[in-house]
Amino acid sequence: MDFESLSADLRSLQARALEEISAAVDPGALDALQIQYLGKKGDLTAVLRGIGALPADDRPRVGAIANEVGEAVKGALATRGTELRSQVQTIRLAAEKVDVTLPGRPVARGALHPIPETIEAIAEVFGQFGFVIHEGPEVEDDLTNFQMLNIAPDHPARDLWDTLYVDIPGYLLRTHTSPGQIRVMQSTRPPIRALLPGRCFRYEAVDASHGSEFFQVEGLMVDEGTSMADLKGLLDEFAHALFGPRKTRFRPGYYPFTEPSVAFDVECVVCGGVGCPACSKSGWMTILGAGMVHPVVLQYGGIDPERYQGFAFGMGVERIANLRHAVPDLRYYLENDLRFLEQFR
Ligand code: DAH
């Protein structure tokens, strides 16, 4: 091996490398060429192995040429690398081009179902009077659903045909939200202002105004000196907030857990009191039951009836929602028919 042939090898290696580098079409090919020419086991190293066989004088001259070749190959790799990367970028930018003038895709918006929407509207009114939402269990025990609400064992509400029992002895699906009153009284101290929305269940022959699954909102206030006048004022505010400035009235009613008990009526929201089929020609619509909490119920709640008084009320949410949205049949609420639900957007 002599100087001439070694330096000729180096130059031809350089020429070959530069040609291949400029022909490389992607960054991966460049990486491979870098290893092939400049790597530890690469072509340049292989040529340089011959240096040892040269006379000592020639070695630095070959070394200088080898450095030049190495630099030239490195430089070519870098230049081509930049070129390829910008090409890749150009292609990608073209592929990812966004036409900002295209109209957007509409986002399908959901909406609250009319039942929770109505519960929210009810809660908003009572919330302004300090009523706080509580929740009770849907699977309730017999004691809380009936006995502690002063509903005697022979009361018709306890008939097998009204109540849905579960397989656990002593438990049932709550027939109303009223047992929540007991739970609130047992777990908090007066003054109490609680609102209890929730799902209730009864064994019903289902029709336009009866469901075996329905919603109620219960209210309970307990404090010193709470009176029927407070109840009447509060319910008037509620009726006016939901149905506008209409006449209201209390009628005597009966519930085992309140004494006295009342039905609360609002002037018919359809005919304004003249009398129409919606109000059975009476001019009035009953929207809830209410009364002063029975002393026995206060006692079951752990509250001294000598010191505290309370009132309670309970309403069917479907009935209120029907009136708000002119829905004629409560079966619509649970059918999940989009033709119905989409009207509440
Ligand atoms: N729980 C009664 C029902 O399901 C509604 C009711 C009436 C609740 C009077 C009350 C009340 O709190 O005072 O029919």
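When a ligand or atom number is given, it counts from 1 through the structure's own listing order.
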Aromatic contact, F129 with F131 (centres under 6.0 Å): no

F126 ring center within less than 6.0 Å of F238 ring center: yes

Contacts of type ring pair (Phe, Tyr, Trp, His ring centres under 6.0 Å), residue F344, not counting sequence neighbours: H325, F340

ILVMFWY cluster membership beyond V100 - transitive side-chain contacts under 4.5 angstrom: V98

Under 4.0 Å from ligand 1, counting heavy atoms only: the protein residues, by chain and number: H176, S178, Q181, R202, Q216, E218, Y255, F257, T258, G289, A290, G291, A312, F313, G314

Check residues 57-67 and write down every donor-acceptor pair under 3.5 Å in which the side-chain atom is one partner and the other belongs to a residue at least two apart or another chain.
residue	atom	partner	partner atom	Å
D58	OD1	R61	NH1	3.1
R59	NE	L54	O	3.2
R59	NH2	G52	O	3.3
R59	NH2	L54	O	3.3

Geometric class of the F264/F250 ring pair [parallel <30°, tilted 30-60°, perpendicular >60°]: perpendicular

